[in-house]
Each structure stands twice: as C-alpha cells, then as structure tokens.
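Below, all heavy atoms of this structure are taken into account, side chains as well, without hydrogens, waters or symmetry copies. Chain identifiers are assigned alphabetically (A, B, ...) following the order of the sequence lines, protein sequences preceding nucleic acid strands; residue numbering begins at 1 within each chain.
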Amino acid sequence: MGKKDKRSRDEFEGDVYTSNPNPYLAHASSSSSLASAPSSSKMRINMDASLPPAPTSGPFAGLIPGQTTAKQAMALEDGHANPFTGRAFTKRYRDILAKRRELPVTAQRDEFLAMIQRSQMVVLEGETGSGKTTQIPQYLLWDLLPHLNGKMIACTQPRRVAAMSVAKRVAEEMDVEIGAEVGYSIRFEDCTSNKTVLKYMTDGMLLREAMMDHDLSRYAAIIIDEAHDRTVQTDILMGLLKDLCAKRRPDLKLIVMSATLDAEKFQKYFNDAPLLSVPGRTFPVEVFYTPKPEPDYLEAAIKTTMLIHATQPPGDILVFLTGEDEIEDACRRLRGEADRLRSRAAHDAPKPGPLLAVPLYSSLPPHQQQRIFDAAPEGGRKVVVSTNIAETSLTIDGIVYVVDPGFSKQKVYNPRIRVESLLVSPISQAAARQRAGRAGRTRPGKCFRLYTEESFDKDLLPQTYPEMLRTNLGNIVLQLLNLGVQDLVHFDFMDPPAPETLMRALELLNFLGAITDDGELTRTGQLMAEFPVDPEFSKMLIEAPHYKCSMEMLTIVAMLNVPNVFLRPNDRKKEADAAKAEFAHKDGDHLALLNVYHAYLHNQRDAKWCSANYLNPRTLKSAENVRTQLSRVMTRVGLPLVSGDASKKAYYDQIRKCMTSGFFMQVARAERGGKYTTVMDNQTVFLHPSTCLLTNAEWVMYNEFVMTSNHYIRTVTAIEPGWLLDVAPSYYDPKAVPEGPARDDLARIAKTRAVAKAIEDRKNKKARTDEEDQMMLEQGRAAQKQGRGKQERRRK
DNA sequence: ACTTTTTCT
C-alpha cells in the first residue's frame, strides 16, 4: 500500500479539498452533461467528503468512525435496542446473531477492520460459506457509521436475484424492514428509501449511477462481490473505482471480494492492496477422473450417472451438460435406462431404486424449474441435468454426486467478422472446482470428471476468459465514453480487450453517429447512452420520431431485448409452428414480433391465451417492463412518442426503414437457392429456419448472425436497398461496397437517383428563377406604388 | 436446407 494509506484523517480531509476544490467543476467538465440533469439528490455533492465526526451522544457515542473495534460493535449488537432504529431487538434477531457469530469470517472481524482502517483498498478472498457477503458490509457499517453524515455503503453483485436475496437476509440480520436501513436496487426494482444506509445492488446498477454522479459521492464505501466472475460490468466497475479512489475520492473505501484462489491477480491490480483470506465452510468432495479421455461426453455422462445410481449410496446427482436439446435428450435416455435396469434386475438381486430425471436450464418455465427441488422418489434418487446455470446462479441442496463432462457453451467474439457466437468449449479449472463444490453443500460428496487428471492440468485454463475478451464492446465503449473516460486505449482494464475489438466498437459507434471521427461523444451518442440497450437499438429509438413510429419501435426493441417469446416443446413442434404462423408478417420477423405484442395486449395479457398460442407469458411480461422503461427514457430525453397510421400502406415501410437506420451494417442480399450473402463482408448465410419471412426478399436486414450447423441469420426483415443510401450514405457509398451484385444494385440506384436529382434540381432552379422574376416584378410594382404614394403625399 | 446460453442496464 502506498504512503497515502498511512496518513491520518486530517490529511485525508486536506486531500479532498486540494484535489477537488470545486466538485461542481469536476462534474460540469465531464462529458455527460446531458439534457436530463441529475436529480437534486444526486447533485448533492458533499463538500465534506470525509468521515462523520465522532458522535458524543446517542447510541453510537464513544465510537470514532473509522477507528472502531469489533468489540465495540459486538457490544452494541448484543445490546437491548437496535442502535439504527431505536427499537428493541427481537428474539429472532438474537437467534440469527448467535449463528452469525459462528461464521468463519467473524473470527477475522478485527483483522478486517485493521486492514480497511489503514488501507483504502482491501482484497478479500473467501470461499462459499465464509459469510463474507452478509457480514463484511455490516462490519463496515459499524465502523464508518455512514448514516451519521448522510452516506451509504454499497455492495454489488453480478446477478439480480443474489442482490435481492442477500439484502433480504441482511435486513433480517439487522432486525430492520427490507427497504428501510437495508435495501437493494436492481433493474425494474428500487427497494431503498431515504433511510437506506446499506444497499445491495447489481454492478450494472452502480454503473448507471456512476453516469449521473462520476464521483459516486453518496457512498462511503463500495464492496464489489463475486469479482472472480469477471463479468464485463464488474471489470468496468473495478477500473473506474480504482481510478476514482486514486484521483478524486481518497476517502472512499473499496473492498473487492473474490471466491477463487486468483486473489493475487486482484491484489496486484489494486496496487498491492492487503489481502484477507477467509476460510469457507463446506464439506469435502472427493474428485475422480477417467483413466482415458472419453470420445463422447454425452454417452460418458449417461453411463457414469447410471453407474452411480446402481452402485453408490443414496444421494442426488447433478449432471452438467451444455444446452437445452442435449439436456432433454439426456433426461429421456436416463429415464429409459433406469426403467430397463429395474425391469431386468434378477429376482434375488437388490433392485435399483427409481430414478427421477429433472432438466434445468434458464428458458424453462418457472414451475418446471421448481421441480429441481422436488424430493427424490421413495427408495430412489433424483438426477438434475443442468446447464451451467447450476454452477453459480442456482443452488440445489442435497446434491451428493456431480458428473462433470468438462464442457459448457461459451460466448466468443470474432472482431474480424464482427460476430458473437456460442461454442461448446472446455470449461476452466476454476469452473470445474465450482462444479465439484456443488456436491459438498450438505454433506461430503463425490465429483466424477469425465476427463483425465492430466487433461485437467494441461488442457483447462486456470480461469475462464473474462467476458470482456469474448464480447462485442459497442455498448461498453459507449458507456465508458459517457462515464467520462476519453482515453479508452489507456483505460486500466484488468485484462485489456483486443485492440481490434475496441476498433470495431469505435467504428460501429462512428457509423451510427454516436462519436465523431476523433472519438468524441456526439449529442446523439449522449442520447444513445441513456438507453439500456445496444447502440443499434438506441439509434432506432432516437430515429423513430422522424419515421413517426416511436411506439412501434419501442415494442420491437423491447421484444428483441428479452429471450425468445415463441415456445416450441419437443413433442408439439408442429402445433407450435402453426401457432407462430398466425403472427407471421410477410415482410419479416420484426413485424411478427410487433403482431405478437399487440395480440398479447389485446388479449389482456392472459397467460392461458399465451400458452394456447405457444407464447411464453413470462418473456412477454418482461418485454412490457423493458418497453415501459425505454419509453420513460424517451420521454425524459424529450423524444416524442408518435405513431403512424396503421391503415396506410406506408406504415410498415416507415417501421422497416427506421430499423434499417440502426442495423444497416447487418444486411444481406439474396443469391440463388435460398442463399444470402452479407453485403459488407461477403459471408454466405442462410435464413434461420425459424424465420416467418414469406416473400423471397432480395434484400434483408438481420438481427443476429448465428453459427450452428450452418451460418444463419436470425430475426430477418425485408428492406429496400434504396433505404441504405438514405440512412447511411457514406457507409453505402457504392465505391466502399465490395464488388458484386449488391454493389451493382446500389450503384444503379445511386445513379438513377443522381439523374433524377439533376432533373429535379434543374426544374427547381427554373422554378426558382421564375419565382424570383415574379417576386422582383412585384417588388418593383410595390416600389412604384410606394413612390407614387410619396409623391402624392408631398404634393399635399 | 431444418432451430437458443447466461447475465445485466
């Protein structure tokens, strides 16, 4: 830790004033001085950015903020009344308190306090069951007493559900109502109040707040939890906060909490911040490897599961596979095998128990997801076959055996062809450990890895590649620019993305008009950053009023920002396809989505109607949520909510043209035999079989490029090539388009237009001269008249 | 020629 960390509080206060004499200035000079001014509470930038003065009376008397001990806090926790509310502690509180005192982290409370009191940043490493997520924020609360000077402590989580459930737990632990002293803030749900001093929130939510207040001045401390997840949001937050701590908030405390043994990397990144290691509390898991590599992991997984079922003591099994189809298939086969095993068992031999095979993946409707918590059948066992959702997001108690084939679907981004795709790839060692750990939550367990130990050591990466290196950065770059980070190349990423990926993002934003050639955020870019969607979508929304289709664009963008609404159960594919055809629009999938949403509202959002039509009511509900949020943003930034006349022929043209203004970079032109070629990079692609496009459209725009058994374009709508010249003239300058039929088309249209324009110009020019002549004549007459008038007056 | 992973604003 640097010299700064050892300074006294007085020096810190001095620092605050010298480094930032006028906080308003810092704010105004940032690039996000948008039309939508920050709300007044957010403008309340504290001139006194340091700790509150030591209270001389009241329940906290005797504590010196930033210098307390565990003993002092524990005495108050053990007291009669809750110092934060004044109310007497409940019995339930005391019961929970007793359990909290047994958590591994409790033993290190003083050690933690000592570290954070002498260092601005601390890295904390703790496995599951250590209690770090619930306790550390409370320890800080008792030490910094942020409520005494109107500040808060934030603890960020990568996932919404975690933020919400941990907040609820901690509210109980502190004997307060959720939303009062302890609250949470996630998209669509702000459960906080002016009383809130401890706030759990998603990383994305804190990033949004940072856009309005670059200094995050409401917070006395920020805790980044689950940092090992390395989500894009976590990574950006770490970069921002590191910089903020060093430059503008020397008083801000930062704790980075991580689960894996990768803490040294975090430590190094945070300028050798001190590290606290907290042991976890889980049961031991015995790990087994296969002696030889398995040629087919699905076969091996089924074989292994059956073997466990037949030979191992009671206990449920968790099998990790990669996707929906694979999982459903595996479940069917496991059921079959188990039945066969039971019917074939010899009379004298013990009969193996029944096997309950339950699938688990995110798109599963909630009531089916609930089935993973069903009890195993009498005398038998339960197998949960899951995607990596069971790795971190969902915990199933009672799992004793884990089958880990070592694969998951992972997003990869290829900046050269600007395509994100999902690939079945080997997992990392960290992920493998995480999977194994799922067997030891309630008692000692076993993990069967379907690969060799040598392969684990040699082939698996220690950590999963951070998402930042596997994703399209369009939206992230826009956000960073809006956060006032001008110099992206030198932004302190923990793992810097490939320069080509950054280039692609800047190029995209430039084509969309969000940034200038020099990389400066434009007014359009500032507006775009206000919308919680990718830049192509926000561009569509901003352009919508010009095309008189704000309402329609809101619906389409919302529908494209939730998971697929169309259900297609394996045993009812035909019926589902027929139901979907009812919503089809001849010009493409985007307009079909519009039809679906209208029908959904028209049928009073009825869940029964949804299922009868093979639509997912849950996704439609969230589409409505997204739509409401987006429309609020539009109103806030002053974009009119207008709609065209649906009975006019031009109505759908306007909508399609508006979509083209956002997605003009994703356009393909038909070839023979149902093939298409993408216009800018000459990729051969096929319409995804799910498309409802009825015409043989020559030109189409698409939403997604998917690589599965083939190159497909998904969610496709027919467009007119001429629109491309209107919405992106420089991008579609025929000279810039690769040679081929697409370029020929564009060149022909451009030429026809040029000729037409020349004729029009000449006509206009003639008309103008005629008009001018006429005007001059009239002016002349008027002057004559006036002149005569004057003469007449003079005569009088 | 024949179909989707996870999460967040």
Side-chain angles (χ1 to χ4, degrees), chain A residues 156-163 185-190 201-212 226 229-237 320-328 360-364 386-394 407-412 420-425 431 464 467 470-471 475-476 478-479 482-483 528-534 537-538 561-570 573 576-577 580 589 616 619 622 625-626 629-630 632-633 673-676 684-692 703-704 706-715:
Chain A
T156 71
Q157 299 288 323
R159 284 167 284 278
R160 291 161 47 92
V161 188
S185 172
I186 57 181
R187 187 182 189 184
F188 304 128
E189 203 180 342
D190 180 12
M201 63 207 301
T202 47
D203 310 71
M205 211 63 202
L206 188 60
L207 271 180
R208 279 279 146 190
E209 282 190 14
M211 286 186 189
M212 293 186 275
E226 314 281 359
D229 258 32
R230 300 297 309 278
T231 65
V232 170
Q233 328 249 35
T234 304
D235 273 15
I236 295 182
L237 212 47
F320 284 100
L321 289 178
T322 63
E324 180 176 337
D325 271 2
E326 203 176 83
I327 286 167
E328 293 289 356
L360 175 63
Y361 42 86
S362 75
S363 61
L364 214 58
S386 171
T387 59
N388 41 356
I389 189 172
E391 215 171 277
T392 46
S393 308
L394 262 169
F407 291 97
S408 69
K409 276 193 185 168
Q410 284 165 42
K411 192 164 71 175
V412 285
E420 269 181 356
S421 51
L422 283 165
L423 276 183
V424 173
S425 343
T464 310
E467 191 189 3
R470 299 184 285 119
T471 196
N475 200 18
I476 290 123
L478 183 62
Q479 283 191 41
N482 198 41
L483 282 160
M528 281 166 64
E530 293 284 300
F531 292 93
V533 291
D534 278 339
F537 294 122
S538 44
N561 274 281
V562 295
N564 188 6
V565 294
F566 297 107
L567 298 173
R568 200 165 184 258
N570 253 324
K573 288 184 178 167
D577 290 345
K580 185 177 172 183
D589 300 308
N616 187 338
T619 4
S622 61
N625 274 338
V626 174
Q629 191 188 26
L630 293 173
R632 286 208 188 107
V633 178
K675 262 198 261 179
Y676 280 78
T684 300
V685 294
F686 294 93
L687 296 181
H688 195 271
S690 65
T691 191
C692 73
N703 221 54
E704 263 179 303
V706 286
M707 293 196 284
T708 47
S709 53
N710 230 324
H711 288 357
Y712 291 111
I713 48 178
R714 187 160 55 195
T715 320

Looking only at atom types and distance, does a side-chain atom of A:Glu467 sit under 3.5 Å from a main-chain N or O of A:Val232, one as donor and one as acceptor?
yes
Does a donor on one side chain and an acceptor on the other come within less than 3.5 Å for A:Lys411 and A:Ser421?
no
Here the distance between atom P of B:dC2 and atom NE2 of A:His711, to the nearest Å, is 13 Å
Is A:Leu687 touching bases, backbone alone, or none of the nucleic acid, heavy atoms closer than 4.0 Å?
nothing
Mind checking A:Glu324 for me? I need base, sugar-phosphate or nothing, with any heavy atom below 4.0 Å counting as a touch.
sugar-phosphate
Would you indicate what A:Ser393 reaches in the nucleic acid, counting non-hydrogen atoms under 4.0 angstrom: base, sugar-phosphate, or nothing?
sugar-phosphate
Value in whole Å for how far the P atom of B:dT9 lies from CZ of A:Arg187
6 Å
Rounded to whole Å, the CD-P distance (A:Glu326 to B:dT3) equals 15 Å
Describe the nucleic acid contact of A:Pro563 in one word from base, sugar-phosphate, nothing, applying a heavy-atom distance below 4.0 Å.
nothing
Given atom CD of A:Glu209 and atom C1' of B:dC8, what is their separation to the nearest angstrom?
15 Å
Pair A:Thr715, A:Asp589: side-chain N/O donor-acceptor within cut-off below 3.5 Å
no
Selected nucleotide, minimal atom distance to A:Arg160 side chain, candidates B:dT3, B:dT9, B:dT7:
B:dT9
Any A:Ser690 side-chain N or O less than 4.0 Å from OP1/OP2 of B:dT4
no
Between B:dC8 atom C1' and A:Phe531 atom CZ, what is the distance in whole Å?
18 Å
Between the base of B:dT4 and the side chain of A:Asn564, is there a donor-acceptor distance below 3.5 Å?
yes
Please work out if A:Thr231 contacts a base, only the sugar-phosphate, or nothing of the nucleic acid, heavy-atom cut-off 4.0 Å.
nothing
Any side-chain to backbone donor/acceptor pair from A:Asn710 onto A:Tyr712? Under 3.5 Å, distance only.
no
Between A:Glu704 and A:Asn561, just flag the one whose closest nucleotide in DNA chain B comes earlier from the 5' side.
A:Glu704
What is the nucleic acid contact for A:Asn388, judged by heavy atoms within less than 4.0 Å: base, sugar-phosphate only, or nothing?
sugar-phosphate
Just call it for A:Tyr712: base, sugar-phosphate, or nothing, with non-hydrogen atoms closer than 4.0 Å on any strand.
sugar-phosphate
Separation of B:dC8 C1' from A:Glu226 CD (nearest whole Å)
15 Å
Identify, between A:Val533 and A:Gln410, the residue whose nearest nucleotide on DNA chain B lies closer to the 5' end.
A:Gln410
A:Asn475 CG - B:dT7 C1' separation (whole Å):
14 Å
OP1 or OP2 of B:dT9 sitting under 4.0 Å from any side-chain N/O of A:Thr202?
yes
Any donor-acceptor N/O pair under 3.5 Å between B:dT3 base and A:Arg568 side chain:
yes
Between B:dT6, B:dC2, B:dT5, which one does the side chain of A:Thr387 approach most closely?
B:dT6
Just checking A:Arg159: base, sugar-phosphate only, or nothing, at a heavy-atom cut-off of under 4.0 Å?
sugar-phosphate
Any side-chain donor paired with an acceptor under 3.5 Å for A:Thr231 and A:Gln233?
no
Return the value, rounded to whole Å, for the distance between atom CZ of A:Arg230 and atom P of B:dC8.
19 Å
Taking the minimum atom-to-atom distance to the side chain of A:Lys409, which one of B:dT9, B:dC2, B:dT5 wins?
B:dT5
In terms of side-chain heavy atoms of A:Ser362, which of B:dC8, B:dT3, B:dT6 is nearest?
B:dT6
Correct closest heavy-atom pair for A:Ser690 and A:Lys580 would be O-NZ, 2.8 Å
